[in-house]
Amino acid sequence: MKLLSVITSVSLVLTGLAASAHAQEAGYPNDLVRVVVGSSPGGTADTVSRLVAEALSNKFGQSFVVDNLPGAGGALAATTVKGAEPDGYTIQFVFSSFSILPSLNPGVGYDPAADFAPIAMVSSAPNLLLVNPSFGVTTLPEWIEKVKANPGQFDYGSGGIGYSQHLSMEMLLQSIDGEAVHIPYAGSGNLLGALLSGEVPFAFDTLTTAVPHIESGALIPLATTSAVRSEILPDVPTVAEAVPGYELTAWNGFVAPAGTPPEIVSALNEAIVEYLATDEAKTFFAQLGTTIDASSPDEFGAVIAADYEKFADVIATAGITAQ
């Protein structure tokens, strides 16, 4: 099995290199490439997209320029890229909500699995179930017991309807047959403030955001949403250790309009994967608290499709709608 894995890895590298050479022989890219990002400048998504765009600029000798198009929960960016010419000169940096939004609001105008050509996943990170110490529990089993004993009596927060914090909690509540009241805040910063003040007693939030407040004792971590324990917080169990089968990770990566030539997709993939293997990238993502998840286009496409299906079920069961 190990030899087969090595042979497969070598084959993928050679295929990528051949595709890159073919694309460059064909003159790609010979002009500016637009990198659309469906969030405002300054956030994590914007920072990551700019880092990789700079690496692509250096690799290909052409400018890869980030174009921030926030609006409609990311739908503005997605529909813009969906309608672009599939020639490799418009690509999009996407994150987990890309697969969630169409189920939350069927009128957004795009299908994440059918309307795009996946290029590569970049990184992923789990959410973390956090409680304010005033809630009086220190383990996930204690939290489950308290929530189930008091259906609908406790509030929980998120950064907004359909955000990964929201769906992380809905998945958990559905798994344990529990009930709690969702309080959506205007962004993750406001959610964190409400959690620290005790305005909401518990919530899911990103691991990197929470670490300083865990170290200070202001928040107690109960469990991560990843399949395995976090290297940053190895003593914190996964949700799956108490609720088998539970897993949710927030990811990001690049896509292009459907119909983009495979040799261009492969050339971009090879360049992104090459950059993610550098010490610079490893250091950056380690400091960010996320895991590099370089993938093939097919692997990333499978993640997008699987999340689209999974969250459609969660959203339908919970009766969640965009407001």
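The shown structure was predicted, so the numbers you read here are calculated from the model rather than taken from an experiment. We're numbering straight along the sequence, starting at 1.
Closest approach of V236 to L128, counting heavy atoms only: CG1-CD1, 4.0 Å. Between P126 and T224 the shortest heavy-atom distance is CB-CB, 4.4 Å. Contact record, A256 with I91: CB-CG2, 4.2 Å, taken as the closest heavy-atom pair.
Considering W251, F254, F300, Y110 as possible partners of F98, the one that fulfils the ring pair (Phe, Tyr, Trp, His ring centres under 6.0 Å) test is Y110. Of the residues listed (S49, S123, S124), the one engaging N252 in a side chain to side chain donor-acceptor pair (under 3.5 Å) is S123, and it is the only one. Only one option out of E170, H166, H182, Q165 pairs with S158 in a side chain to side chain donor-acceptor pair (under 3.5 Å); it is H182.
Side-chain N/O atoms of D298 and S296 include no donor and acceptor closer than 3.5 Å. No hydrogens or angles considered: nothing links the side chains of E54 and Y275 as a donor-acceptor pair under 3.5 Å. D46 and N68 form a side-chain donor-acceptor contact under 3.5 Å, judged by distance and modelled atom types alone.
Without hydrogens or angle criteria, D67 side chain to R34 main chain gives no donor-acceptor distance under 3.5 Å.
A perpendicular orientation is assigned to the rings of Y89 and Y28, their planes being inclined by more than 60° (bins at 30° and 60°).
Sorted by first then second residue, the ring pair (Phe, Tyr, Trp, His ring centres under 6.0 Å) pairs that include residues 37-57, not counting sequence neighbours, number zero.
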